[in-house]
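All values below come from the heavy atoms of this structure, side chains included, with hydrogens, waters and symmetry mates left out. Below, chains carry the letters A, B, ... as their sequence lines are ordered, and counting in each starts from 1. Because the structure is a prediction, the values reported are computed rather than measured.
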Number of protein chains: 2
Amino acid sequence: MNIIKAINRTRIKDIAQKANVSIGTVDRVIHNRGEVSNATRDRILRIIDEMEYQPNLMASTLASKKTFSFALLLPEPISPESYWNKPMVGVRRAFQEIQQYGININIHLFKQSDANTFNTEAGKIIESNPEGVVLAPFFSRESMEFISELKKRAIPYVFIDSNIKDSDKLSYIGQNSFQSGTLAAKLLDFSVPENSSILVLHFAKERDNMNHLVQREKGFYEYFNTNLTSGKKKLITLEISDPNDIACQNQITDQLKSNPEVKGIFVTNSQVYYLARLIEETNISGIRVIGHDLINENINFLKKGIVDFLICQRPEEQGYKAIITLFEHLVLKKEVNNENYTSIDIITKENLDYYK
Amino acid sequence: MNIIKAINRTRIKDIAQKANVSIGTVDRVIHNRGEVSNATRDRILRIIDEMEYQPNLMASTLASKKTFSFALLLPEPISPESYWNKPMVGVRRAFQEIQQYGININIHLFKQSDANTFNTEAGKIIESNPEGVVLAPFFSRESMEFISELKKRAIPYVFIDSNIKDSDKLSYIGQNSFQSGTLAAKLLDFSVPENSSILVLHFAKERDNMNHLVQREKGFYEYFNTNLTSGKKKLITLEISDPNDIACQNQITDQLKSNPEVKGIFVTNSQVYYLARLIEETNISGIRVIGHDLINENINFLKKGIVDFLICQRPEEQGYKAIITLFEHLVLKKEVNNENYTSIDIITKENLDYYK
DNA sequence: ACTTTTTCCGTGTTCGTACACGACAAAAAG
DNA sequence: CTTTTTGTCGTGTACGAACACGGAAAAAGT
């Protein structure tokens with residue numbers, strides 16, 4: 001018997017001795033590697049339980065040649081500044097932290113305008129047979145097909161940005177759009193004088209995950225329905241199909257002209273900068289504006305004071321957490337939260353700098 | 001020569017071959033372990049640079065018996081619910097993540113009312129000769145002494161909560177109190193009608209790091225000085241020495257009675273719950289209240305709608321980041337930010353749940 | 001020139017775990 | 001009863017780096 005190697009295995013050896021088996025048997029049980037009779041397995045498991053044996057993660061990954069590959073399926077960012085770049089930043093940060101544990105990440109992008117690209121990329125992911133998947137279930141029918149395939153292969157998947165209920169997901173990482181709408185309502189309610197009206201503006205062209213917009217609007221109305229003291233305020237809803245079209249822009253300015261008591265505007269998605277541009281050009285003043293998402297165009301108008309509040313849902317953190325969740329589940333074998341709502345941040349000119 | 005071991009060292013062997021030296025020499029250079037002539041050291045360093053050799057952190061910590069001990073010097077929490085418990089939560093989380101790298105954390109607490117306890121604990125820390133220190137420089141003279149001792153021993157230190165300029169600190173993790181005051185001002189400015197007055201309330205008894213309070217007030221006034229459109233609002237400042245004293249409470253109610261146009265109150269520290277209690281008891285309504293810190297007492301009043309906004313600076317994250325910063329500097333040998341301001345969060349009843 | 005000291009370098013063992021290989025016995029097939 | 005298959009188990013080596021030990025070469029001392 002080699003004395004030296006036995007020293008290295010002291011911990012396992014302890015267990016082996018107590019169970020009256022060999023070291024090899026013990027680590028077969030520990031790593032679930034079969035080739036052990038049920039009786040000895042049970043005996044060993046009980047002893048391990050008593051000792052509270054904690055395997056050393058570093059030695060483990062060092063010795064193991066196992067690698068994990070995670071696949072991402074996300075919408076393609078429309079421009080270098082647009083929303084979907086943000087989660088990617090978080091993904092990269094997570095990757096930096098965990099790549100040493102033998103983790104690879106493959107990013108697959110689909111076009112938000114074309115469900116076929118979603119299917120194509122989903123197919124590629126299935127083919128590559130990853131250990132875990134992160135996806136934004138943008139197209140719900142296609143997503144259902146994809147996850148049923150994943151379920152068949154016992155590949156865990158994490159939803160990001162949008163959720164699908166009752167889907168055996170490992171986790172959902174994202175926002176609570178309804179609450180974010182309620183919050184926007186409160187802020188506007190506080191920021192405009194009594195008896196003024198509020199305009200709810202949908203820029204709906206680029207159907208950037210419509211469900212969120214609907215939820216935000218619902219939350220917004222919910223606030224004014226339940227807070228009776230604010231009941232005097234009138235709400236007006238306006239849908240703008242193409243914010244670049246002059247006719248559409250006129251729609252807005254007309255609305256404002258015919259309703260001079262409108263003192264607050266709520267834009268349900270990240271495209272508040274279209275409105276801000278219009279306000280800047282037409283020199284309208286005295287209107288509080290609230291929108292979503294910390295993207296560069298919006299930041300500029302926030303600094304200028306044309307947009308008063310931005311509500312933001314930490315997209316970088318969503319990307320980061322999605323990856324880390326898979327990691328914790330697969331590598332660390334920790335319990336993970338089935339639902340993980342990111343915080344709903346209120347950003348103004350004053351605290352902007354601290355959300356980099 | 002043992003063939004097998006040579007295989008294990010392939011990467012370093014590559015370098016050794018190119019530099020025409022032995023494997024041992026290379027790892028001496030890599031780990032700065034001396035016993036290498038300057039000429040060969042330089043040659044090897046150049047080659048390492050070209051190869052972009054990245055040491056494997058896991059193998060490294062596994063083989064190394066080196067352990068790091070970090071010492072913390074923080075104010076003792078006054079109650080189980082009070083502010084200074086929060087950073088501790090973050091510290092524990094950080095510890096969970098990095099303890100496997102051989103890191104110990106020793107927590108030293110001092111009494112906020114007694115600078116001597118600060119000195120005693122600081123002495124103990126010096127004696128224990130840790131690899132890194134996190135401290136809240138609550139007492140500035142005593143802190144200066146302490147850090148000069150640390151500097152002598154080349155022990156890096158991270159400030160948390162408060163900063164000391166020009167102190168050769170490794171990093172500062174904390175809030176920007178001035179900006180947080182500005183932000184509070186904006187929110188109140190938006191939330192009260194024009195021509196109303198605003199009351200700034202200091203609960204100054206427990207001198208919980210006075211400097212922050214001063215900075216917040218400065219920021220608050222700064223906002224109203226620069227935003228001329230809001231110039232019509234009158235600001236009143238009131239200092240309350242003992243919020244439990246009835247005379248002091250009357251001071252507040254008197255102030256509100258004699259100035260019925262006060263429609264907003266800003267409490268500069270976490271003790272807004274004293275005011276909220278008073279408001280609740282006396283059934284005053286129609287006043288917007290803004291305070292600091294997400295502690296349980298405040299949360300209750302936020303939910304009840306008596307406090308409208310809480311401004312919060314993520315104390316858990318401050319604790320977490322302080323530890324991680326030391327870790328990154330000492331173990332990962334990464335560059336760390338010299339100043340790290342945590343985000344200034346606005347919390348209302350509506351988004352409270354997402355800041356757990 | 002010879003000994004002693006210093007400087008430099010090569011190699012083997014080690015950290016805690018994973019896994020391949022092969023030994024051996026029992027069961028199944030011939 | 002022999003041969004093959006299956007089911008268990010023990011041990012040795014590897015993962016990538018850290019570090020001790022001791023030997024060779026160079027420098028210093030006599």
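As a whole-Å value, the separation of B:N56 CG from D:dC15 P is 12 Å. For the pair A:L62 CG and C:dG16 C1', the computed distance is 9 Å after rounding to whole Å. Protein atom CD of A:Q100 is 14 Å distant from nucleotide atom P of D:dG16, rounded to whole Å. Atom pair A:L57:CG and D:dC15:P shows a separation of 19 Å (rounding to whole Å applied). Atom OH in B:Y101 sits roughly 15 Å away from atom C1' in C:dG16 (whole-Å rounding).
Side-chain contact between A:Y157 and A:L73 is absent, with no heavy-atom pair separated by less than 4.5 Å. At a threshold of 4.5 Å between non-hydrogen side-chain atoms, the residues A:D353 and B:Y341 do not count as touching. Under the 4.5 Å side-chain criterion, counting only non-hydrogen atoms from C-beta, B:F159 is not in contact with B:S143.
The aromatic rings of B:F138 and B:F110 are tilted relative to each other, their planes meeting at an angle between 30° and 60°.
For B:S60, the listed nucleotide lying nearest its side chain is D:dA17; candidates were D:dC15, C:dT17, D:dA17. Closest to the A:A63 side chain, of the nucleotides C:dG16, D:dA17, C:dC19, is C:dG16. With C:dC19, C:dC15, D:dA17 as the candidates, the nucleotide lying closest to the side chain of A:S64 is C:dC19.
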